[in-house]
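To keep things clear, I will list the structure first and then write my remarks on it.
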2 protein chains.
Amino acid sequence: MSGIHLNDREPTMREVAALAGVSLKTVSRVINQEAGVSSELNERVQNAVRQLNYQPNTTASNLRRADQRTATIGLILDDVSNPFSSVLHRAIEDVASQHRTLVFAGSSGDDPKREEELILALAARRVDGLITVPASRASGELKQLQRLGKPVVFVDRLATIHTADSVTVDNRAGGSAAVRHLAAHGHQRIAFLGDIHDLWTAAERYLGYVEGLAMAGLRLDPSLVRQDVRNMETAEQAVLELLARENAPSALFTAQNLITIGAIHALQRMGRQHQMALIGFDDFLLADLLDPRVSVIAQDPARLGRLAAELLFARLGGDTRPTQQIVLPTRLIARGSGEIPIT
Amino acid sequence: MSGIHLNDREPTMREVAALAGVSLKTVSRVINQEAGVSSELNERVQNAVRQLNYQPNTTASNLRRADQRTATIGLILDDVSNPFSSVLHRAIEDVASQHRTLVFAGSSGDDPKREEELILALAARRVDGLITVPASRASGELKQLQRLGKPVVFVDRLATIHTADSVTVDNRAGGSAAVRHLAAHGHQRIAFLGDIHDLWTAAERYLGYVEGLAMAGLRLDPSLVRQDVRNMETAEQAVLELLARENAPSALFTAQNLITIGAIHALQRMGRQHQMALIGFDDFLLADLLDPRVSVIAQDPARLGRLAAELLFARLGGDTRPTQQIVLPTRLIARGSGEIPIT
DNA sequence: TTGAAAGCGCTACCAA
DNA sequence: TTGGTAGCGCTTTCAA
């Protein structure tokens with residue numbers, strides 16, 4: 001059997017109208033459930049629709065429609081397959097589906113060029129709005145979108161556009177809390193491993209680290225700071241190096257979920273998981289089943305996503321209040337790895 | 001500052017034409033990079049485009065375009081936030097982006113009603129094709145899509161439509177291998193925990209379980225079979241019950257990633273993780289860092305996704321070969337939990 | 001090489 | 001309550 005099928009051409013409203021013996025406009029009324037169609041004509045149209053298997057063409061209706069809505073939004077994540085991002089995605093989808101809206105999802109890979117491409121592609125398809133985890137601090141394309149009246153919501157990370165709603169967590173407080181918690185267990189040499197330093201979250205968590213050290217009265221040792229750690233493998237390598245050096249740290253603050261996991265790989269490989277204290281930013285599946293159980297600064301990605309989507313749809317619904325900058329707290333979950341005392 | 005912005009209205013081709021002092025058609029030629037525009041007019045148009053910040057409207061161009069392409073595909077997963085699904089998603093996105101195509105992603109929640117809604121919503125937006133992890137075995141909407149010439153590719157799971165390409169793994173062989181591996185370590189009472197029994201993968205893995213028992217010369221004990229286990233919590237509960245009964249199993253075959261994780265929760269809670277053998281279907285992050293390390297029947301979701309997307313785009317490129325049913329092998333990764341001998 | 005006119009499938013507006 | 005006509009932003013067709 002062939003993979004490509006009889007190209008029947010999709011039935012149009014005009015064809016439905018012809019079959020039902022009514023005008024085009026009457027079919028339009030029935031499809032859009034407008035009031036003022038007699039139940040008899042309604043019935044006839046419905047029958048014709050069924051008979052022809054008619055599917056309304058949203059893309060055509062949108063063209064003419066006054067509000068120009070496509071019932072479509074864009075979502076730009078760093079990576080749709082990252083566990084944190086994908087939970088965010090699901091929460092947004094759930095809100096969108098309540099508004100009969102479909103979600104274009106894309107991965108920027110934290111690459112400003114790819115991010116720009118995505119924004120342009122979404123704009124070309126006339127999405128009603130955009131939720132984005134911005135990779136770059138400033139984006140002309142984004143401003144362009146806003147100028148056209150499309151609402152933009154930042155989630156998880158901030159950009160320098162201050163005219164958009166945002167939902168983030170208090171990364172700095174979380175980072176600071178992690179460091180102070182480690183310090184409270186006697187640690188003085190606490191290493192920092194963070195994502196690309198240009199990302200807002202990575203920068204904020206680093207600031208939290210710096211603040212936390214200061215509050216604990218500890219000196220910042222630049223040789224214990226590893227920025228631009230971009231994935232699990234790099235993280236594992238970085239921790240192996242830290243472990244190998246003389247004057248090694250006694251505790252790690254890993255500022256992102258995949259970095260934490262890479263670090264655990266390194267610790268287990270060296271059999272040091274019970275000596276080296278560890279707190280990771282972001283909770284993750286199975287953190288509570290590892291040995292030792294992993295202490296984390298937890299966020300609630302589902303809540304972040306839901307709030308971001310609700311903000312977006314509020315704007316689409318006509319909400320013109322001042323832009324909101326929602327900042328959610330983080331929560332330190334002490335499970336064991338963060339409470340390993342200094343030896 | 002207000003959250004909604006000056007509604008500038010998007011510039012149209014007509015406006016670009018007016019500014020450049022050329023006809024609408026000339027602008028169209030430039031935008032679509034058609035041959036036969038003098039470099040002088042080309043330049044003038046480009047300038048006008050930049051000056052007005054013109055963004056082509058794909059949705060309008062599609063309406064008139066002969067091939068009716070929207071450069072958009074649909075992707076229906078069970079849950080975009082499931083680690084397996086989200087890796088599949090990313091692989092598909094990567095192929096799609098090479099074809100300058102955007103992906104609508106949606107979660108069916110393995111609910112046929114929601115799946116149908118999604119298909120209709122995607123059809124209304126005139127996606128060029130659809131990749132789906134089918135929740136239901138048969139779908140009229142899907143056939144409808146195909147009749148309109150839209151290619152459909154099944155991935156991970158099969159449905160009863162045989163006129164579509166598909167990419168799956170040999171679930172039955174994988175299930176059978178898992179059971180025989182456990183039997184080879186002396187186990188005779190091997191429990192099965194599977195997803196909703198109506199799902200193709202769940203059914204196939206169960207058949208593999210049955211076959212494996214038969215090949216190992218073991219009797220199938222229905223009281224050791226738990227089907228319709230729908231999430232981590234249910235799985236944990238089911239394992240707790242199995243552990244509590246007299247004549248408990250000595251080994252578990254957990255036929256899906258979240259079920260495996262739920263089972264591990266239960267085992268650790270009862271301190272039985274070193275007595276009860278366990279093999280899970282699907283590999284997962286951290287399986288190699290747990291204690292014991294978790295043996296799995298691994299698939300390659302990224303490869304599944306890539307192949308599915310390549311098949312779809314081949315069809316969109318005019319490939320009319322007979323439909324393909326690609327079946328990839330699984331791989332048993334012995335890490336420890338599956339090699340715990342009977343006590 | 002360039003442009004004018006028609007029309008993609010639909011909704012808005014107004015008349016019957 | 002119903003329908004005709006115009007037109008959304010673009011591509012197609014054909015003529016200049």
Side-chain angles (χ1 to χ4, degrees), chain A residues 7-45 48-49 52-72 123-128 148-149, chain B residues 7-45 48-49 52-72 123-128 148-149:
Chain A
N7 207 327
D8 263 2
R9 247 218 339 93
E10 344 216 349
T12 66
M13 248 186 199
R14 174 179 256 96
E15 286 160 9
V16 173
L19 180 64
V22 299
S23 80
L24 177 64
K25 179 64 221 190
T26 299
V27 178
S28 170
R29 288 198 179 94
V30 172
I31 296 295
N32 293 295
Q33 310 193 40
E34 284 172 36
V37 180
S38 67
S39 59
E40 197 227 315
L41 285 197
N42 196 333
E43 183 103 347
R44 266 169 42 203
V45 170
V49 163
L52 293 177
N53 249 313
Y54 170 76
Q55 306 261 28
N57 186 333
T58 313
T59 178
S61 91
N62 155 250
L63 193 57
R64 192 60 179 89
R65 203 176 222 100
D67 62 9
Q68 294 276 87
R69 289 287 169 80
T70 53
T72 281
R125 287 165 185 76
R126 298 298 189 264
V127 293
D128 297 335
L148 299 173
Chain B
N7 206 327
D8 263 2
R9 244 209 352 86
E10 344 215 351
T12 67
M13 248 187 199
R14 172 179 256 96
E15 287 160 7
V16 174
L19 181 63
V22 300
S23 81
L24 176 64
K25 177 65 221 188
T26 299
V27 178
S28 171
R29 287 198 178 95
V30 172
I31 296 294
N32 293 296
Q33 311 195 37
E34 283 173 38
V37 179
S38 68
S39 59
E40 198 228 315
L41 286 197
N42 195 338
E43 183 103 349
R44 270 179 24 213
V45 170
V49 163
L52 293 178
N53 248 313
Y54 172 74
Q55 306 262 23
N57 185 335
T58 314
T59 179
S61 91
N62 156 250
L63 193 56
R64 192 62 177 85
R65 208 180 266 293
D67 63 8
Q68 294 277 86
R69 290 286 170 81
T70 53
T72 281
R125 285 163 186 79
R126 297 299 189 264
V127 293
D128 297 335
L148 299 173

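Numbers restart at 1 for each chain; the letters A, B, ... are given by sequence-line order, proteins then strands.
In summary, the side chains of B/N62 and B/T70 do not present any donor paired with an acceptor at a separation below 3.5 Å, with no hydrogens or angles considered. Side-chain contact annotation: B/S23 with B/T26, donor-acceptor N/O pair under 3.5 Å present.
The backbone N or O of B/R69 lies less than 3.5 Å from a partner atom in the side chain of B/D67, making a donor-acceptor pair. A donor-acceptor pair is defined here as one N or O able to donate and one able to accept, closer than 3.5 Å; such a pair exists between the side chain of A/D128 and the backbone of A/A71. For the pair A/T58 (side chain) and B/A124 (backbone), a donor-acceptor distance under 3.5 Å is present. A donor-acceptor pair under 3.5 Å links the side-chain atoms of B/R44 to the main chain of B/A20, judged by distance alone.
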Subject >> Where protein sits on nucleotides 6-16 of chain C, one letter per nucleotide: B base, S sugar-phosphate only, - none, heavy atoms under 4.0 Å >> reply: BBBBBBBB---
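Here B/S23 does not reach the OP1 or OP2 of C/dT2: none of its side-chain N or O atoms lies under 4.0 Å away.
Atom CG of A/L24 and atom CD of A/E15 lie 11.0 Å apart (nearest 0.5 Å).
Of the residues in residues 36-43 of chain B, those placing a heavy atom less than 4.0 Å from an atom of DNA chain C are B/G36, B/V37, B/S38, B/L41, in numerical order.
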Original post:
When you look at A/N32 and A/R65, which way does the side-chain contact (heavy atoms from CB on, under 4.5 Å) test go after all the steps?
Top reply: CA-CA 12 Å; A/N32 293 295; A/R65 203 176 222 100; 3.5 Å; yes
